[in-house]
Amino acid sequence: MLSNKRIQELELVMEFEKVEECFKEVSSWIENVGRKRLKETVNLDDSLEMLLQAQKQFREFDLVASEYCRRGQEALKKMDRWEDFSSVDVHSYRVKLQTYKDQLEDFCTQLDENRHQICETVRLYEFFDKVRQSICCMEEGVKS
């Protein structure tokens, strides 16, 4: 049984090394591109027109970012079996895996929050624009 467990651990390590390339690619994109783009969307412009343009640009970024999140999550699913192993030999791989998992979860959460913030801000600006137009129409009616 001990021998079988050791063989399973070695197979898991070999599998991790195959999947690690995907982790590294996703992690690199998140750090070098994704986080920078998310920071750019924090400061939304003051006009509805500029906000709609920012929303369009974010949607394009969101498609790419969501694909990286999906790829990272698929790679993590392949490593679900790590939870059953606790040997010292596997510990360093579990630490790496947890680091990738935390980074991915943090980025995906920020992406969702920014997506929601932009949508809500656009809705709010559209509402205020309609209110402003109604007030202008009412003022013109009063002047007539």
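Note that this is a predicted model, so its numbers are computed, not measured.
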* **Criterion side-chain contact (heavy atoms from CB on, under 4.5 Å) on Met79 and Lys101, from CA distance to verdict** => CA-CA 10 Å; Met79 307 287 18; Lys101 184 177 181 179; over 6 Å; no
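- Taking 4.5 Å as the limit, every side-chain heavy atom of Arg37 sits out of range of all side-chain heavy atoms of Phe58.
- At least one side-chain heavy atom of Ser3 sits less than 4.5 Å from a side-chain heavy atom of Ile7.
- Between Gln73 and Val26, every side-chain heavy-atom pair lies at or beyond the 4.5 Å cut-off.
- Hydrophobic clustering places Phe61 together with Val64 (ILVMFWY residues linked when any side-chain heavy atoms are closer than 4.5 Å, directly or through intermediates).
- Note on Glu120 versus Arg123: salt bridge recorded, some NZ/NE/NH1/NH2 to OD/OE distance being below 4.0 Å.
- When hydrophobic clusters are built by joining Ile, Leu, Val, Met, Phe, Trp and Tyr residues whose side-chain heavy atoms come closer than 4.5 Å, directly or via intermediates, Leu124 is grouped together with Ile135.
- Note that the OG atom of Ser66 and the CZ atom of Arg71 stand 13.0 Å from one another [nearest 0.5 Å].
- Here CD of Gln55 is found 7.0 Å from CG of Leu51. Values are rounded to the nearest 0.5 Å.
- Using a 4.0 Å cut-off between charged nitrogen and carboxylate oxygen, Glu15 and Lys78 do not count as a salt-bridge pair.
- Within the model, atoms NZ of Lys36 and CD1 of Ile30 stand 13.5 Å from one another, a figure rounded to the nearest 0.5 Å.
- Relative ring orientation between Phe107 and Trp29 is described as perpendicular, the plane-to-plane angle rising above 60° on a 0-90° scale split at 30° and 60°.
- Note: the hydrophobic cluster containing Met14 does not contain Tyr93 (ILVMFWY, side chain heavy atoms under 4.5 Å, direct or indirect links).
- Ser28 contributes no side-chain N or O that, together with a main-chain N or O of Lys24, makes up a donor-acceptor pair within less than 3.5 Å.
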* To do: Kindly indicate, with the supporting measurements, whether the criterion side-chain contact (heavy atoms from CB on, under 4.5 Å) is fulfilled by Glu126 and Val122.
  => CA-CA 6 Å; Glu126 287 172 338; Val122 166; 3.6 Å; yes
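- Comment: Glu74 does not engage Lys77 in a salt bridge, judged by the lack of any side-chain N to carboxylate O separation of less than 4.0 angstrom.
- By the rule that hydrophobic residues join a cluster once side-chain heavy atoms approach within less than 4.5 Å of another member, Leu10 and Leu97 end up as members of separate clusters.
- The distance from the CD atom of Gln117 to the CG atom of Asp112 is 13.0 Å, given to the nearest 0.5 Å.
- Distance check: Arg115 CZ to Glu113 CD gives 10.5 Å after rounding to the nearest 0.5 Å.
- Using a 4.0 Å cut-off between charged side-chain N and carboxylate O, Lys56 and Asp62 make no salt bridge.
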* Give the C-alpha distance, both sets of side-chain angles, the deciding distance and a yes or no for side-chain contact (heavy atoms from CB on, under 4.5 Å) between Tyr68 and Leu111. => CA-CA 11 Å; Tyr68 275 97; Leu111 182 66; over 6 Å; no
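- To the nearest 0.5 Å, atoms CG (Leu104) and OG1 (Thr99) are separated by 12.5 Å.
- When only modelled atom types and interatomic distance are considered, Asn114 and Gln110 share no side-chain donor-acceptor pair under 3.5 Å.
- In the hydrophobic cluster analysis, where Ile, Leu, Val, Met, Phe, Trp and Tyr join through side-chain heavy atoms closer than 4.5 angstrom, Val33 is grouped together with Leu38.
- With sequence neighbours excluded, the residues forming a ring pair (Phe, Tyr, Trp, His ring centres under 6.0 Å) with Tyr100 are Phe23, listed by chain and number.
- Two residues are said to be in side-chain contact when any heavy atoms from C-beta on lie closer than 4.5 Å; Gln103 and Glu31 meet this criterion.
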* **Gln133 vs Asp129, side-chain hydrogen bond (donor to acceptor under 3.5 Å, both in side chains): CA-CA, chis, key distance, verdict** => CA-CA 6 Å; Gln133 289 174 2; Asp129 195 50; 3.2 Å; yes
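- By the 4.5 Å heavy-atom criterion applied to side chains, Arg70 and Glu67 are counted as neighbours.
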